[in-house]
Amino acid sequence: DLLVRYRTMNGDGVLSPIGFDSFGLPAENAAIAAGTHPRESTDANIERLATSLKRIGAVYDWRRVLSSHDPEYIRWTQWIFLKFYENGLVYRDEAPVNWCPGCKTVLANEQVLADGTCERSGDLVERMHMEQWFYRITEYAQELLDDLDDLDWPERVKLMQRNWIGRSEGAEFSLPIAAADGSARTDVEGLRVYTTRPDTSFGMTFAVMSPEHPRVEELVSAEQQDEVREFIATVSAKSEIDRLSTEGPIEARGVFTGSHVVNPFTDAAIPLYLADYVLTTYGTGAIMAVPGQDQRDWDFAEAFGLEIIRTVQPPEDFDGEAYTGEGPAINSEWLDGLGVADAIAEANRWLVEQGIGEPKVNYRLRDWLLSRQRFWGCPIPIVYCDRCGAQPVPVDELPVVAPDDVELTPTGQSPLVSHEGFLNTTCPNCGGRARRETDTMDTFVDSSWYFLRFADPDNTEAPFAKEAVERWLPVDQYIGGVEHAILHLMYARFFTKALADLGVAPADLREPFARLFTQGMVRFGGGKMSKSRGNLVEPDAIIDSFGADSLRLAILQVKPPAEDVDWEDFGIEGCSRFLGRLWRLAHPDGVMTATRDGERASVDDEVDKAAHRLIDRVTFDYERWSYNTAVAACMEYTNRLYKYVQDDDGAHGPTLDFAVDTLLEVVAPMVPHVTAELWERRHGEHVHERRWPVADPAKLVVETVTLVVQVNGKVRDRLEVAADIDASAAEDAALASSKVRALLDGAEPSKVISRPPTLVNLVV
RNA sequence: GCCCGGGUGGCGGAACUGGCAGACGCGGAGGACUCAAAAUCCUCUGCCCUUCGGGGCGUGUGGGUUCAAGUCCCACCCCGGGCACCA
């Protein structure tokens with residue numbers, strides 16, 4: 001809000017919109033607990049929040065307000081889904097999904113924490129197979145990665161996105177299945193593997209498949225059937241945490257299939273294993289194992305008594321196990337002697353030449369699973385016909401809105417599943433009987449395009465007009481918490497790119513948010529304060545007792561905005577006290593406004609200069625988002641004015657008027673109510689219509705400064721000297737100091753460092 | 001394990017490019033006003049020593065560079081965050 005007001009005073013046209021991301025699990029759970037419909041509590045909460053935001057003096061454009069549960073908003077969220085569907089960016093697939101038993105719904109990969117728990121409920125996420133809807137975000141993996149370079153975002157956030165996208169370069173190729181005599185079979189397809197180190201292939205002494213690999217059944221030998229079945233049963237019983245854990249014996253983490261594949265580089269038959277650490281979701285779900293250059297393969301090889309061959313020469317002083325560093329290739333026939341990069345290129349060339357493989361880029365990023373088995377979300381506009389299968393709802397039938405006559409029960413099952421009126425419909429294709437999709441969309445879908453709608457919130461023909469978006473987007477300054485670094489910011493970037501490519505948004509709008517500022521979180525007693533935890537400190541009580549401006553000032557003063565802050569550290573009283581001082585100083589009938597007549601004196605010039613210095617400091621601090629120091633500058637300046645007024649000579653009227661007006665102008669964006677009132681009483685006008693003051697450079701020039709005199713780097717004296725003093729004059733002044741002379745005791749300094757006008761260091 | 005941040009008084013924090021450490025606020029002490037209290041106003045407030053002139057120590061720890069280090073370099077400790085079997 002400060003930024004909006006400051007930019008406005010600078011003459012910018014500012015669009016500062018507000019909306020409510022109103023769908024979601026907390027609202028649904030609260031409704032279940034209260035036995036009401038989530039719309040009632042949601043609408044009431046929006047009303048309450050809007051009132052609160054207005055009370056604190058936020059200058060949002062309320063004409064543009066949005067709510068994601070508004071049927072008009074739902075219409076366009078669904079319209080975009082269908083547009084994506086038409087263009088192959090939406091698909092339905094049976095997939096192993098993350099099921100949260102607490103939320104009773106599936107989660108996107110991004111919503112599962114590293115320890116395998118749900119980001120929202122903290123429950124242990126389970127693996128399940130289900131038919132689900134996906135957004136094909138992986139289609140944009142490369143562009144999402146590349147375009148990060150040009151964004152004015154915190155490096156930390158960009159790094160997190162890069163890691164999440166997880167690009168890796170390597171090669172994919174086939175390992176022929178081995179016949180009983182160890183030769184390569186030509187009658188069946190080989191096993192595809194992905195590696196980033198094709199240069200180490202001569203050291204491949206075994207291969208490993210994921211236990212969920214589709215070819216497991218086919219490739220397990222008769223004798224190994226029982227052992228493998230037992231292994232798979234153990235693995236699937238394991239929780240995500242156990243499975244990701246590197247603790248425990250490696251022997252228990254893999255099993256021999258009884259089959260062999262052929263290393264195409266050496267033509268040797270090598271054993272094929274299953275291991276739980278190989279993931280179906282990455283690469284091809286099968287790997288070549290090179291224990292000499294991969295520690296995990298090394299450990300596995302040792303546990304199962306498999307051969308280890310080094311193919312990169314480690315340095316002489318290397319005493320580790322697997323060696324992953326740089327070095328010449330060894331034991332690798334035609335690769336011997338090549339460095340890693342050259343050997344990779346040569347191995348890739350050979351794979352292509354043999355027709356068994358090719359270079360391949362892989363991403364860690366998975367497609368975005370958007371289905372949620374919940375009620376309070378945007379319905380997915382699809383119907384299922386027995387004859388025609390899944391069919392999109394025609395655009396002119398949008399929005400598909402959930403019915404009101406539902407009863408939410410604590411079972412966690414969406415009431416849509418059993419609501420006959422909602423469920424039964426006709427097929428848009430054949431007109432026959434059909435059932436509606438009962439899943440709703442992840443709420444991150446709603447927040448992936450709202451910034452575009454803000455440009456054109458009342459459009460009834462389209463989600464937004466291109467021209468309106470062209471006028472306002474990309475967002476010049478986006479502000480949010482780091483908790484959105486991956487989820488929201490990645491999804492919103494994907495939507496923007498896809499909408500631009502589909503001709504919905506301007507084609508050149510490749511990114512939604514040009515600059516990003518990640519503000520800190522407000523904590524409470526060390527814990528997290530958030531709407532989902534229900535421990536919000538309501539601003540209304542503070543506003544009632546101290547006023548909105550005291551609260552605003554306290555928020556700005558407590559810490560730099562990028563850092564987390566504990567509510568207990570807020571200094572409301574001190575800020576309130578400052579506003580009292582401001583009031584008494586600036587009020588036309590105030591007690592602090594006694595002035596003297598007569599000529600200007602040097603003290604008046606000083607105060608005048610202080611006013612210009614204040615403008616300079618506060619402007620600088622606003623520009624660099626250093627609001628706590630801006631507040632400090634204003635307090636310091638106010639203290640100076642108090643001294644000025646209380647001085648024996650008193651304050652000179654015109655000087656004081658300018659000094660106080662300047663203060664009111666620069667603090668206006670921070671404390672809009674008090675300043676508006678004071679300005680009106682002083683001038684009968686509106687302070688918020690003032691132009692931002694500009695400091696007079698001539699008034700910023702100082703005549704005298706404090707010269708610090710050090711002896712051997714320790715401060716021994718301070719002298720007031722002319723600001724334009726030269727090096728030798730500064731040295732002379734320092735040597736003339738009686739304190740310094742006493743300390744030197746007649747000795748001559750061996751070296752003098754003179755940095756006029758601030759410092760002279762005498763080295764003895 | 002890897003990658004980012006960060007460690008400064010009793011507390012929140014200041015210190016732009018190496019150049020006065022601790023701005024500003026909170027808290028604390030003293031004083032003025034008042035019959036008294038609140039509010040307000042003023043002064044002091046890093047730690048230790050002091051003959052009250054001043055002196056010593058001090059930015060997580062240990063070393064280094066420099067006339068000079070909170071700031072730069074090396075090693076380590078602690079806290080917060082992200083990623084984590086990704087082949």
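In what follows, chains carry the letters A, B, and so on, assigned in the order in which the sequence lines appear, proteins first and then strands, with residues in each chain numbered from 1. Quick caveat: nothing in here was measured; it's all calculated off a predicted structure. Excluded from the calculations below are hydrogen atoms, water molecules and symmetry mates; all remaining heavy atoms, backbone and side chain alike, are included.
B/rC73 and B/rU66 are spaced 16 Å apart, taking the P atom of each and rounding to whole Å. B/rA68 and B/rA15 have their P atoms separated by 26 Å, given to the nearest Å. Going from the C1' atom of B/rC20 to that of B/rG70 covers 14 Å, rounded to whole Å. Going from the P atom of B/rG9 to that of B/rG62 covers 15 Å, rounded to whole Å. Nucleotides B/rC42 and B/rC26 have their P atoms positioned 12 Å apart, rounded to a whole Å. The same atom, C1', is picked in B/rG46 and in B/rU40; the two are 29 Å apart, to the nearest Å. For the C1' atoms, the distance linking B/rC52 with B/rG5 amounts to 46 Å, nearest Å. Annotation: B/rU61 and B/rU71 have their P atoms spaced 11 Å apart (nearest Å).
Base pairing of B/rG18: no nucleotide in any strand meets the Watson-Crick or G-U wobble criterion (both distances under 3.5 Å). Base pairing of B/rC72: its partner is B/rG64, meeting the Watson-Crick or G-U wobble criterion (both donor-acceptor distances under 3.5 Å). Nucleotide B/rC57 has B/rG46 as its partner under the Watson-Crick or G-U criteria, with both atom distances under 3.5 Å. Taking a pair to require two hydrogen-bonding distances under 3.5 Å in either a Watson-Crick or a G-U wobble arrangement, B/rC11 pairs with B/rG25. When Watson-Crick and G-U wobble pairs are counted only if both distances are under 3.5 Å, B/rC2 pairs with B/rG82. The partner of B/rA39 cannot be assigned: no Watson-Crick or G-U wobble pair with both contacts below 3.5 Å exists in any strand.
One atom, CD of A/Glu623, and another, C1' of B/rC16, lie 15 Å apart when rounded to the nearest Å. Whole-Å rounding puts the A/Arg718 CZ to B/rG54 C1' distance at 14 Å. The separation between A/Met490 atom CE and B/rG82 atom P is 15 Å, rounded to whole Å. Atom-to-atom, CD of A/Glu172 to C1' of B/rC86 comes out at 14 Å; the value is rounded to the nearest Å. The nearest whole Å value for the distance from the CD1 atom in A/Ile165 to the P atom in B/rC3 is 20 Å. The CG-P distance, from A/Asn628 to B/rU8, rounds to 16 Å in whole Å. Here the P atom of nucleotide B/rA23 and the CZ atom of A/Phe620 are 20 Å apart, to the nearest Å. Taking atom CD1 on A/Ile555 and atom C1' on B/rG12, their separation rounds to 15 Å, with Å as the unit.
Checking B/rC3, B/rG82, B/rG19 against every side-chain atom of A/Leu159, the shortest atom distance belongs to B/rC3. Counting only heavy atoms from C-beta on, A/Arg581 has its side chain closest to B/rC41 among B/rC20, B/rC41, B/rG82. Ranking B/rC42, B/rG55, B/rU43 by closeness to the A/Lys643 side chain, first place goes to B/rU43. Distance from the side chain of A/Thr758 is smallest to B/rG19 among B/rC24, B/rG19, B/rC20.
Between A/Phe202 and A/Phe265, the ring planes are perpendicular. Angles over 60° get that label, and only those under 30° would be called parallel. Taking the six-membered ring where the residue is Trp, A/Tyr273 and A/Phe206 present perpendicular rings, their angle passing 60° and hence far from 30°. Between A/His488 and A/Phe444, the ring-plane angle classifies as parallel under the 30° and 60° cut-offs.
Comparing A/Met635 and A/Asn362 by the nucleotide of RNA chain B that holds the closest heavy atom to each, the one mapping nearer the 5' end is A/Met635.
B/rG9: glycosidic angle within 90° of 0, hence syn. Nucleotide B/rG53 carries a syn base; the chi torsion (O4'-C1'-N9-C4 or O4'-C1'-N1-C2) is within 90° of 0.
Among pairs with a residue in residues 754-764 of chain A, none fulfils side-chain hydrogen bond (donor to acceptor under 3.5 Å, both in side chains), at least two apart in sequence or across chains.
Listed pair A/Arg162 / B/rC83 fails the phosphate criterion, with no side-chain N or O lying under 4.0 Å from OP1 or OP2. Close to B/rC86, at under 4.0 Å from its OP1 or OP2, lies no side-chain N or O of A/Arg167. Dashed line: the shortest gap from a side-chain N or O of A/Ser168 to OP1 or OP2 of B/rA87 is under 4.0 Å. At the phosphate of B/rC86, OP1 or OP2 sits under 4.0 Å from a side-chain N or O atom of A/Arg296. In terms of phosphate contacts, A/Asn639 brings no side-chain nitrogen or oxygen within less than 4.0 Å of OP1 or OP2 of B/rA23. Taking only side-chain nitrogens and oxygens, A/Arg577 comes nearer than 4.0 Å to OP1 or OP2 of B/rG27.
Cation-pi check for A/Arg581 over A/Tyr642 is met; the charged atom lies under 6.0 angstrom from the ring centroid and within 45 degrees of its normal.
Between A/Thr311 and A/Gln293, the side chains place a donor N or O and an acceptor N or O closer than 3.5 Å (distance only, hydrogens not considered). Looking at A/Asp367 and A/Thr138, their side chains do bring a donor and an acceptor atom within 3.5 Å of each other.
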*Step by step, work out the side-chain hydrogen bond (donor to acceptor under 3.5 Å, both in side chains) result for A/Asp717 and A/Ser737.*
CA-CA 8 Å; A/Asp717 202 2; A/Ser737 154; 2.7 Å; yes
*Taking it one step at a time, do A/Tyr644 and A/Glu606 satisfy side-chain hydrogen bond (donor to acceptor under 3.5 Å, both in side chains)?*
CA-CA 10 Å; A/Tyr644 176 54; A/Glu606 264 175 51; over 6 Å; no
*Start with the C-alpha gap between A/Lys360 and A/Glu169, add the side-chain angles, then the distance that decides, and say whether salt bridge (Lys or Arg N to Asp or Glu O under 4.0 Å) holds.*
CA-CA 6 Å; A/Lys360 178 83 196 287; A/Glu169 285 178 31; over 6 Å; no
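A/Tyr277 places no side-chain N or O within 3.5 Å of a backbone atom of A/Gly254 that could act as its donor or acceptor partner.
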Between N or O atoms, less than 3.5 Å apart, protein on one side and nucleotides 66-71 of chain B on the other: list the pairs.
unit_1 : atom_1 : unit_2   : atom_2 : d
B/rC67 : OP1    : A/Lys751 : NZ     : 3.3
B/rC67 : O2'    : A/Asn761 : ND2    : 3.2
B/rC67 : O2     : A/Asn761 : ND2    : 2.6

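A/Arg716 comes within 4.0 angstrom of sugar-phosphate atoms only, judged by non-hydrogen atoms across all strands, and of no base. Backbone-only contact: A/Val558 has heavy atoms under 4.0 Å from sugar-phosphate atoms and none from a base.
With contacts defined as side-chain heavy-atom distances shorter than 4.5 Å, the pair A/Trp368/A/Met490 does not qualify.
Shown for residues 190-202 of chain A: residues whose heavy atoms fall under 4.0 angstrom of RNA chain B, namely A/Tyr194, A/Thr195, A/Thr196.
Within a 6.0 Å radius of CD in A/Glu748, other residues, nucleotides and ligands contribute 12 heavy atoms or fewer.
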